[in-house]
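Some notes on the structure that comes next.
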Amino acid sequence: MHLHKYEKYWLGLGIIGLIAFLLILGFGAFYLGTHPQSHGELIDPENLEMNEAFHEENLGLTKVDEGRYVLNVVASAFNYNLGTDESGAPISHIEIPAGSKVLVQATSPDVVHGLNFAGTNINMMVEPGYVSALEVQLDNPGEYTLVCNEYCGVGHHMMFGTMEVVE
Amino acid sequence: METATAPAKQSNVFRNKGTMELRLSKNERRLVMSYMYVAFISLFIGGLMGLLQVLVRSGNFELPWGINYYTILTVHGVILGLVLTTFFIIGFQNALMGKTVGYSKKQLNWAWIGFAVMTIGMIIAAITILVGKANVLYTFYAPLQAHPAFYIGITLVVVGSWINAFVNFRQFYMWKKKHPDEKSPLLAFMVVINMLMWLIATLGVATAMLVQFIPWSLGYKNTINVLLSRTLFWYFGHPLVYFWLLPAYMAWYAIIPKIIGGKIFSDTLARFSFILFLFFSIPVGLHHQLTEPGLDSTWKFIQVILTFMVVIPSLMTAFSMFATFEITGRKKGYGGLFGWLKHLPWSDVRFLAPFIGMLAFIPGGAGGIVNASYQINTLVHNTIWVTGHFHLTAATTVVLTFFGIAYWLIPHLTGRKLTKSVNRLGIIQTILWTVGMLIMSISMHIQGLIGGPRRSAYSDYGGTAQATEWGAYQMAQAVGGTILFIAIVLMVYIFVKMIFFSPKGEEEFPIAQEEDNAEPTPRWTENWKLWIAITLVLILFAYTVPIMDVIQNAPPGSAPFDWPIGNS
Amino acid sequence: MNTEKRKQLKSSQESEPNLKGTLISVSVLGVVILVTWFGVLMLYLSR
């Protein structure tokens, strides 16, 4: 198979470029540990209580250490359960100090959902049977909308909340 | 007789021979036209749904008669992503096969059976969606449960396409048997590659349908393995997009050169890029599932590497296209670095529409590499960036190329001429499409980068500042989408005009030839057994461990959920 | 005749067509890919 000289240059550079992309991604993933969530912990979708994180009293944001938080969420059609406040009303807004590390854990008792704090790197699929988990450092102050970004039914677009990263 | 002059038996190259072109019989023309009717009716319905979607998402319009947004969205995705594409492609490919290798009477009968099965399946699925019993979008993710008729209808469409695939294989095999020392016609070779890929890929979705969805939706099985169904879907879902793209590449490699008055740049290279597409289109589906909890990160990364491999044949294609333009231009006496651009037939819609399709693939391809980039996918996953991406690749690159094909194919089939006025309308159509898509796609890309979700009806998300910002981009999408709908109406008008009102005549079926002194094509290009074996080995490598893992380490299965889609 | 044709074939393969415009065009394409990819990478890292 005859290749034109320039085509050899082009394909050579193209392949080198692709390898460079892969090396950068691989370095980020396997050296720095920034994988997309690939957790694999199982849970019975009809018995979420089997995992302590999803007991009613453990839902929502909990401070576990200085600058470290855990956010447990049950995503169901068509609501994010972020726990309740002192008066027993459901929480839909959380606040986290900038620079904190937050571990988000989520699962679903019904269908597949998305969990995306728009504008942050917290973006996961939430599937029945699995615990989705991702740890992210939040440095940029601002208000971020929590949206379901995987179709879950006719009320899909009504599933939301907010997170404020405060200075 | 011919073998006496050419002792080619031992040679490792094929004899160069101008491809013999056949005439399409009346029945063959009718078959291809039947596919085209379904495709263009789908275009109109799907386009209308698209218009309604962008209007709803602008926040200033509500659907009448209690029609659900997600019904509209399901119709849009299924009818454009699955029906328009599949019918246009199989119709076009059947025309190519008729033109290059021909049909026997029996083969043509089977091709009609394939069409009938596909059409029946399509109608069953369409009715189920339209009555609101299948608001599951075209990905039908479990455990959302549609009415069983939806799954059965889609399965029939796939089965019908298989019948067609086997007819194409048989045609090709019989031709090879009759012409043992000749290389196959390039376009027939490409059709066989595309249908092979389609056959192997659809085994995934067919398995999901027959083993999981249909028994589960009929109540014979209580639960479903959600992750397995998703993995089988995406095993099919990525090669699906290459199944759309390869017919466009067929036109770019082997038809556009003829339209611009040139020759095929390299027959061998074109075949080689198609072989690479066969290898690397399928073992890459996990890059659609990068943010899913149940899959192993190492295997995700391995499939990301394989995904990057499939970029290479597209890099080859880009070079071939520019080279075809430049060589043709220089031969016509246009010198300089870019003087050759001047010779291109800009006022010929058969060229202009596919050319804009090619340009759209530059940002489309670049965005695709971003999507597949492992952790970076987190930034764009399920945002409306993705919707913007495939409206560049599928709805511009592929669709504008298909329109470019339709301008000569339909008059050729109906025995009419492509007139100057249709050509002019076509150019207006192409410009409208380009402008509408630029507005819509760019605003989708930006809105996605700032977090706007895809697949969502209008919502102010509790009135956050972000949602307000998204609203502005959704307004822009409404403007772009409206222009696109006008372009679709114009295209349907052109379609009708070409069939019924253009003057009778003979329109050319443009198939490019090689240079007289072109390098002969090596015999290894048709080592079919090896190509299939490599394809299967790559699939087994990429999928065996992930699928075993999904089955062996499965959570309790999911019961069906029909109430979230309003189907209880 | 035969050798002449072969010569012609050989020379046509040796003197490759001038594809400078093609090389520049695909280079532009390569730059688009690089800019897009690194742009999105930077955005990812900044979040």
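The model shown is predicted, which means the values in this text are computed figures rather than measured ones.
Between chain A and the residues Gln289(B), Arg455(B), Met309(B), the most heavy-atom pairs under 4.5 angstrom are made by Arg455(B). Counting heavy-atom pairs closer than 4.5 Å to chain B, the top-ranked of the candidates Tyr151(A), Tyr144(A), Tyr130(A) is Tyr151(A). For the set Val226(B), Thr383(B), Leu227(B), Asp460(B), the entry with the most heavy-atom pairs within less than 4.5 Å of chain A is Leu227(B). Top candidate by heavy-atom pairs under 4.5 Å with chain A, chosen from Pro293(B), Pro555(B), Gly451(B), is Pro293(B). Counting heavy-atom pairs closer than 4.5 Å to chain B, the top-ranked of the candidates Ala77(A), Ser132(A), Pro36(A), Pro45(A) is Pro36(A). Ranked by non-hydrogen atom pairs under 4.5 Å with chain B, the options Gly155(A), Gly153(A), Cys148(A), Gly114(A) are led by Gly153(A). By number of non-hydrogen pairs under 4.5 angstrom with chain A, the leading residue of Pro453(B), Gly462(B), Ala142(B), Ala457(B) is Ala457(B). Between chain A and the options Gly452(B), Pro522(B), Ser373(B), Ala465(B), heavy-atom pairs under 4.5 Å are most frequent for Ser373(B). With respect to chain B, the highest number of heavy-atom pairs below 4.5 Å among Thr145(A), Ile43(A), Thr162(A) belongs to Thr145(A). Each of Ile450(B), Leu73(B), Ile305(B) has some count of heavy-atom pairs under 4.5 Å with chain A, and the biggest count is that of Ile305(B). Taking Met124(A), His156(A), His4(A) one by one and counting their heavy-atom pairs under 4.5 Å with chain B, the maximum is reached by His156(A). Taking Gly161(A), Ser92(A), Gly129(A), Gly14(A) one by one and counting their heavy-atom pairs under 4.5 Å with chain B, the maximum is reached by Gly129(A).
Looking at Ile369(B), only its side chain comes within 4.5 Å of chain A, counting heavy atoms on both sides. For Ser558(B), the part lying under 4.5 angstrom from a heavy atom of chain A is the side chain only. Contacts between Tyr141(B) and chain A at a heavy-atom distance below 4.5 Å involve the side chain alone, from C-beta outward. Only the side chain of Leu11(A) has a heavy atom closer than 4.5 Å to any heavy atom of chain B. Of the two parts of Asn135(B), the backbone and the side chain both hold a non-hydrogen atom closer than 4.5 Å to a non-hydrogen atom of chain A. Heavy atoms of Phe301(B) lying under 4.5 Å from chain A belong exclusively to its side chain. Proximity to chain B is limited to the side chain of Glu46(A), based on heavy atoms less than 4.5 angstrom apart. Residue contact with chain A, scored on non-hydrogen atoms closer than 4.5 Å, involves the backbone of Tyr458(B) exclusively. Looking at Ala323(B), there are no atoms closer than 4.5 Å to chain A (heavy atoms on both sides), in backbone or side chain. Proximity to chain A is limited to the backbone of Leu295(B), based on heavy atoms less than 4.5 angstrom apart. Of the atoms belonging to Val126(A), not a single heavy atom falls under 4.5 Å from chain B.
Judged purely by atom type and a 3.5 angstrom limit, Asn72(A) uses its side chain to pair as donor or acceptor with the backbone of Ala53(A). Of the possible donor and acceptor atoms, one in the side chain of Ser456(B) sits under 3.5 Å from a partner among the backbone N and O of Arg454(B). A donor-acceptor contact shorter than 3.5 Å is absent between the side chain of Asn81(A) and the backbone of Val73(A). Between the Gln447(B) side chain and the Tyr473(B) main chain, no donor and acceptor come within less than 3.5 Å of each other. Within the 3.5 Å criterion, the main-chain N or O of Val147(A) finds no donor-acceptor partner in the side chain of Asn116(A). Between the side chain of Thr468(B) and the backbone N or O of Thr464(B) there is at least one donor-acceptor pair closer than 3.5 Å.
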Walk me through it: do Val304(B) and Leu290(B) pass the test side chain to side chain contact (heavy atoms under 4.5 Å, CB included)?
CA-CA 9 Å; Val304(B) 165; Leu290(B) 289 173; 4.0 Å; yes
For a side chain to side chain donor-acceptor pair (under 3.5 Å) check, start with the C-alpha distance between Lys300(B) and Ser38(A), then their side-chain angles and the critical distance, and finish with the verdict.
CA-CA 9 Å; Lys300(B) 285 180 182 172; Ser38(A) 299; 2.7 Å; yes
Where do Asn51(A) and Glu41(A) land on the side chain to side chain donor-acceptor pair (under 3.5 Å) test, with the steps shown first?
CA-CA 10 Å; Asn51(A) 188 319; Glu41(A) 195 185 324; 3.1 Å; yes
Tell me, with the steps shown, if Arg271(B) and Glu526(B) meet salt bridge (charged side-chain N to carboxylate O under 4.0 Å, His left out).
CA-CA 9 Å; Arg271(B) 287 174 202 252; Glu526(B) 298 210 34; 3.5 Å; yes
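Counting all heavy atoms, side chain and backbone alike, Asn382(B) lies closest to Met125(A) at ND2-SD, 3.6 Å. Of all the heavy atoms in Gly448(B) and Ile384(B), the pair that sits closest is N-CG2, 3.6 Å.
Ring centroids of Tyr70(B) and His157(A) are separated by less than 6.0 Å, placing the two rings close together. Between Phe319(B) and Tyr6(A), the gap from one ring centroid to the other reaches at least 6.0 Å.
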